[in-house]
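What follows is a short report on a single structure.
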Amino acid sequence: MTDLGPADDGLSLNHADLWDEAPIGMALLRADGTIQKLNHAGQRILNETSDDGGGLRFDLTHRRDTATPHGLVSWSESRHAKNGAIIELSCRSEPMEGGYSLVFEDVTQRRRRDRRAAAVARIAAELISDRSLSSVLTALAYEILKADGLAGVQILTGDADSGNLRVLGMAGFTSLTGERFLERLMECKQRGARLCMFEVMESSRLAVMPHRYAEVMSDPAWEPMHEVLRFPVWDAFASLPIIVRNQTIGILNLYLTPGLSVDNEDLEFFSTMAVQAGVALDYAALLESERRSAEKAERQRLARDLHDSVVQGAFSMRMQVQALRVLTGSGELLANRKKIDTIAGELEEISGAVLSDLRNLVHRTKPVALIDKGLGAALRTLVAGTSRRTGIDVQMRISGELEHLGLPMAEDIYFIVSEAIHNAVKHSSTDRIDVLVNAFESTDSLRIVIKDFGTASNRPTGADTGDGMSGRGIAFMKQRAKNWNGLLEIVFDEMHGTTVSLEMPSASEEHRWGKA
């Protein structure tokens, strides 16, 4: 086949100016796809200095199957420019005598913006999921990596001064673990290496270092890191602070592929993702604080219950034992027999009450049936155990299916019912407690009513206002309901006792599992 000559290049003199000044890439291709002639815009896009394309080739053989009846073919492709940068092209080609005509444009920035917008949206969805902090930040690292074609991404948190850092998210470094990275990083620091990421944490200002790879690999102080940073191939390095509540708590490290530079638009996207990482870290810290507060509240409740029943009972037993010691040590056992029998009977009664209170606390603290058999079985065990220990007639009716509820939600419901029954037993003179559980399949909602028939004179002071010991117990119950957007109401009636109502507006998948 002969090359297309100047007279056969498909360009008339009238079209020369249009060819050279066109804002999009235009080329004439030989039959094998190599470039014969390339306009100015095409040279700029492909980073090529000559108008003959320097031997560049577009492979059209595998695209012919998608051609229109007129031979027009459209496609997108990524390719390396001569400066090493990866560019994304939108191409259109059609046959002509001796070869093909080609029109193409650089859509790298447009596609990158689309990927960035999608990445931000996906990470926003991750933040409201029930996944762990490390999995969310690892997903964020991969989103940045995919959106901008970086070589590697790291998300670290901790204190740079003490070296107490943790790698919570990483992408791109297939052979680099967080532990190895930090161990070797601190070794480099001891050898005098400049760690700009530490400078970023201290100054709360971003840093961009062109050709950082060459600097690191040529510096003996960085020798411990040479092996782990050698792959994937990268060139420049950028580090951004992760700021939460005006405090830098972490850093976002970016390893740029060769030929990739950082402009203001890039920094804006990276800053957005650093903010997302900060939101995830802040949310995790709030959840941890909530968990600690809940654990503290549970310990306070247990301490209160132990003090109100078991501790006071044990103190009374001690006083009675001391009285027995005095009576039996006097040498007048027969004369004191009646008093000794009385004290022994009181000791038996007190010890029985203490044992009952301890068993009740154990049942309320560790509902084994809840884990093994589900909420319905656990509530039945609770009701049966309460009736057996107290002699109170506790009746329960369950309507609907409860076993589909996830453990976190079921646990909160169990403890609300348990606390309500415990308060009725402890503070009411009732001889009957009714528990009604309705799970409504049509609305996917839940309603539970616990009613006793004691008198208002037995109600503990402050139970309805949040004051006093029992008020805190009620506050805990309301907090558990609030965890699931539920509502807890307590109504005291002087003549008809106390009614505790729990409404769960939705037992949807989100609410069943969202607090796991």
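- For the pair N39 (side chain) and I24 (backbone), a donor-acceptor distance under 3.5 Å is present.
- The heavy-atom pair separating R447 from F440 by the smallest distance is CB-CE1, 3.9 Å.
- Side-chain contact between L72 and R92: present, with at least one pair of heavy atoms (C-beta onward) separated by less than 4.5 Å.
- Between L229 and W234 the shortest side-chain heavy-atom distance falls below 4.5 Å.
- The CZ atom of R166 sits 12.5 Å away from the CD1 atom of I155 when rounded to the nearest 0.5 Å.
- Interatomic distance, R184 CZ to M225 CE, rounded to the nearest 0.5 Å: 8.0 Å.
- Annotation for N264: atom CG does not count as buried by contact number, only 12 or fewer foreign heavy atoms lying within 6.0 Å.
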Would you sort out whether V153 and L150 count as a side chain to side chain contact (heavy atoms under 4.5 Å, CB included), showing the intermediate values?
CA-CA 7 Å; V153 179; L150 302 177; 3.9 Å; yes
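- Checked against a 6.0 Å centroid threshold, the rings of F237 and Y255 count as neighbours.
- Inter-residue side-chain proximity for L267 and V262 is flagged as met; some heavy-atom pair is nearer than 4.5 Å.
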Apply the test side chain to side chain donor-acceptor pair (under 3.5 Å) to residues S501 and E503: give CA-CA distance (whole Å), side-chain angles for both, the deciding distance (0.1 Å), then the verdict.
CA-CA 7 Å; S501 300; E503 298 275 357; over 6 Å; no
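- In summary, the side chains of S76 and S90 do not present any donor paired with an acceptor at a separation below 3.5 Å, with no hydrogens or angles considered.
- In plain terms, the two heavy atoms of D219 and H226 that are nearest each other are O-NE2, 3.5 Å.
- Atom CZ of R79 sits in a crowded spot, with more than 12 heavy atoms from other residues, nucleotides or ligands closer than 6.0 Å.
- Here D282 pairs with R245 in a salt bridge; the nearest charged N to carboxylate O distance falls below 4.0 Å.
- Looking at E105 and R110, a side-chain N of the basic residue comes within less than 4.0 Å of a carboxylate O on the acidic one, giving a salt bridge.
- Ionic pairing of R112 and D266 is present here: one or more N-O contacts between side-chain nitrogen and carboxylate oxygen are shorter than 4.0 angstrom.
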Q190/C188 under side chain to side chain contact (heavy atoms under 4.5 Å, CB included): CA gap, chis, key distance, verdict:
CA-CA 5 Å; Q190 293 171 359; C188 292; over 6 Å; no
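- Judged by distance alone, the side chain of T108 and the main-chain N or O of I87 form no donor-acceptor pair under 3.5 Å.
- Within a 6.0 Å radius of CZ in R191, other residues, nucleotides and ligands contribute more than 12 heavy atoms.
- Closest heavy-atom contact between N253 and S239: OD1-OG, 2.8 Å.
- Considering only heavy atoms from C-beta on, L281 stays 4.5 Å or farther from V279 through its side chain.
- Checking Q36 against T34 by side-chain atom types alone, no donor-acceptor pair falls below 3.5 Å.
- For E215 and R212, the salt-bridge test passes: some basic side-chain N is under 4.0 Å from an acidic carboxylate O.
- Rounding to the nearest 0.5 Å places CG of D52 at 9.5 Å from NZ of K37.
- Counting heavy atoms from C-beta outward, N485 and M504 have side chains that stay 4.5 Å or more apart.
- Look at R194 and E199 and you find a salt bridge, because one of the NZ, NE, NH1 or NH2 atoms lies within 4.0 Å of a carboxylate O, short of that distance.
- Salt-bridge annotation for E419 and R480: absent, with no side-chain N of the basic residue lying under 4.0 Å from a carboxylate O of the acidic one.
- Taking CG of L195 as the start and CD of E202 as the end, the distance is 10.0 Å to the nearest 0.5 Å.
- L133 and A280 make their closest contact through CD1-O, 3.5 Å (heavy atoms, listed as atom of the first residue, atom of the second, distance).
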Could you walk me through whether D235 and T257 satisfy the side chain to side chain contact (heavy atoms under 4.5 Å, CB included) test, starting with their C-alpha distance in whole Å, then the side-chain angles of each, then the deciding distance to 0.1 Å, before giving a yes or no?
CA-CA 6 Å; D235 179 29; T257 53; over 6 Å; no
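- Using modelled atom types, one side-chain atom of S218 and one backbone atom of A214 make a donor-acceptor pair closer than 3.5 Å.
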Step by step, would you call L28 with M96 a side chain to side chain contact (heavy atoms under 4.5 Å, CB included)?
CA-CA 9 Å; L28 297 178; M96 59 178 292; 3.7 Å; yes
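- A donor-acceptor pair shorter than 3.5 Å can be found between the side chains of N483 and Q479.
- Heavy-atom minimum distance, P241 versus T248: CB-CG2, 4.0 Å.
- Taking each heavy atom of P232 and A151 in turn, the nearest pair found is CG-O, 3.1 Å.
- For the pair V200 and L206, the minimum side-chain heavy-atom distance is 4.5 Å or more.
- Rounded to the nearest 0.5 Å, atoms CG (L254) and CG (L260) are 10.0 Å apart.
- Side-chain atoms of V449 and V435, non-hydrogen and from C-beta on, never get closer than 4.5 Å to each other.
- Ring planes of F58 and W75: perpendicular class, angle over 60° (limits at 30 and 60°).
- To the nearest 0.5 angstrom, L38 atom CG is 7.0 Å from W19 atom CH2.
- Around CZ of R57, the count of heavy atoms belonging to other residues, nucleotides or ligands within 6.0 Å exceeds 12.
- E411 places none of its side-chain heavy atoms less than 4.5 Å from the side chain of L375.
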